[in-house]
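To start, the structure itself, in structure tokens.
Remember, it's 1-based here, ligands and their atoms both numbered in the order they're listed. Small disclaimer: the values here were computed from a predicted structure and weren't measured.
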Amino acid sequence: MKNRIIEQLGIALDSDNSRFPGLARRGLAEVGQGAALSLHSPIDGGRLGTVNQVSTGQVSSVIEAANNAFRELRNIPAPRRGELVRQLGNAFRQKKQQLGELISLECGKILQESLGEVQEVIDICDFAVGLSRQLHGLTIASERPEHRMMEQWHPLGPVAVISAFNFPMAVWSWNTMISIVCGNPLVWKPSEKAPLCALACQKIISDTLAEFEEFPEAISQVVIGDGEVGQQLAASPDIPLVSATGSVPMGRKVATTVAARLGRSLLELGGNNAMIVASSADIELALRAIVFSAVGTCGQRCTSLRRLIVHESIIDNLLPRLADSYRSLPIGNPFDSITLVGPLIDQQAYRQMQQSIGLAREQGGTLVCGGNRVEKAELSGGWYVEPAIVSIDHNAPIVQQETFAPILYVMRYREIEQAIAIQNGVPQGLSSAIFTTNLRESELFLSSVGSDCGLANVNIGTSGAEIGGAFGGEKATGGGRESGSDAWKNYMRRATNTINYGHQIPLAQGINFG
Ligand code: NAD
């Protein structure tokens, strides 16, 4: 099956399907000159092939090519750039099934979620096409007579995208489709755990560009490599914007490197997302939302539910029912249609999960259910786990950190203000939710003294955002906003223009200069 999926997407270059390029541009694929990287599927540990990473010298030539491409791309009208994105959206529609299968194969997501991720790519293409005719600036009243002020939004320059393994296509597409309509070429360094998804997306761009002769060749380039390649991109003064998605420690390094050269970074980092379940909540709705948010993608979403803050009057009813749901979860091969929980990405993720459960117990937590490796012959080679629930005090240090695995910490509260304080009392600030039917509680939660996160939901889980809103989080999550709303402004250069159409030269603030 793996060969069929890879071949259908046209990313296999050699007859034995064992080697892929490390660097891909329009219409050509160059073999990376760096170290070889062996790829394995998290489903069964089976070998997918070898990818050649890029060398330092190759990254430099990619950056130069992106800058040359920028000089051409910025002159192509934005609606024409939108037309390219429209055709990209059509190409993704046509290949939705195969791309979804590739995400499942390479990242272990269940197929339904993988298809949802490709749909997200298609949706952002549609959004970006509309945006290509709406890159509006303001006209501003001037304080001087016979003067006019206005704002213009111009293309910014090459954008580097550094992406995480768990959303191998969606996060890239938020950056790429918006960047293209804004007039910026892309250099994409995907996660070294998901390079095939990147090569498949790049192939679609290459094929689509064949119909767009006036577009520069290097509008989109992929470089396969590790954090060092990411650092080289972050350090380059020829890349005005570095958009990086991943863990908080990675974001700190990228932010420091980019800030040292006074560049712009857009950071989408780890979350430690909480849901408050109030005494008035619709428990049936809440249970469904908790399970999907906490175990979807095997707890490997940035927006995964990690902390459940339940009112003391309902916790003894809710917790056993939640544990029952957990015990009946179908865990298995992500291609199997009944599976709801696929594998962890690798053994390291499994070890981190075990370590966090151990620490939680040392810190007074009680393991309510789950946490074991699923030992079935047909799942050997993959790291399949039972999602875990740990009952714990909110002061335990372990609840301050994100463990990228399905562990749900459950804690109790008495007053709504206390629940909000517990929710906000962590370094991260990505996603949050409240389940309540009490208007005062929900409005308080959404108010300026409520949730301090970038995403705050009422009667909806923490994971599963729509592309139309700006996505991102506060505090250690990095403060970036991508995808919808006015996130496009991050990808453009704002110019304030003042025009004097009179015969005098009055100064601002009424200054008289002789
Ligand atoms: P990671 O931090 O290990 O790697 C992310 C990317 O950063 C990879 O491409 C990696 O090669 C690169 N990288 C690593 N060190 C670097 C360095 N020093 N300089 C430049 N680049 C470097 O993360 P991961 O394990 O792939 O993904 C999981 C993490 O990503 C979680 O913390 C999750 O919450 C976060 N995430 C956040 C969002 C969001 O939108 N906020 C979305 C997806 C994932």
Exercise for the section: Evaluate side-chain hydrogen bond (donor to acceptor under 3.5 Å, both in side chains) for Glu482 paired with Ser243, printing each intermediate quantity in order. Expected result: CA-CA 9 Å; Glu482 291 178 0; Ser243 173; 2.9 Å; yes
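- Between Trp174 and Phe471, the two ring planes are tilted [angle within 30° to 60°].
- For the side chain to side chain donor-acceptor pair (under 3.5 Å) with Asn272, the qualifying choice from Gln423, Arg306, Arg307 is Arg307, the only one to do so.
- Applying the salt bridge (charged side-chain N to carboxylate O under 4.0 Å, His left out) rule to Lys96 yields no partners; only residues at least two apart in sequence or on another chain are considered.
- For Asp238, there are no salt bridge (charged side-chain N to carboxylate O under 4.0 Å, His left out) partners, not counting sequence neighbours.
- With sequence neighbours excluded, the residues satisfying salt bridge (charged side-chain N to carboxylate O under 4.0 Å, His left out) with Glu474 are Arg481.
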Distances only, to 0.1 Å: what are the N or O pairs between ligand 1 and the protein that fall under 3.5 Å?
unit_1, atom_1, unit_2, atom_2, d
ligand 1, 2 (O), Ser247, N, 2.9
ligand 1, 2 (O), Ser247, OG, 2.6
ligand 1, 9 (O), Ser163, O, 2.8
ligand 1, 9 (O), Lys189, NZ, 3.0
ligand 1, 11 (O), Lys189, NZ, 2.8
ligand 1, 11 (O), Glu192, OE1, 2.6
ligand 1, 11 (O), Glu192, OE2, 3.3
ligand 1, 18 (N), Gln231, NE2, 3.4
ligand 1, 19 (N), Gly227, O, 3.4
ligand 1, 19 (N), Gln231, NE2, 2.9
ligand 1, 26 (O), Phe165, N, 3.1
ligand 1, 30 (O), Gly246, O, 3.4
ligand 1, 32 (O), Glu402, OE1, 2.7
ligand 1, 34 (O), Glu402, OE2, 2.6
ligand 1, 41 (N), Glu268, O, 3.4
ligand 1, 41 (N), Leu269, N, 3.4
ligand 1, 41 (N), Leu269, O, 2.8

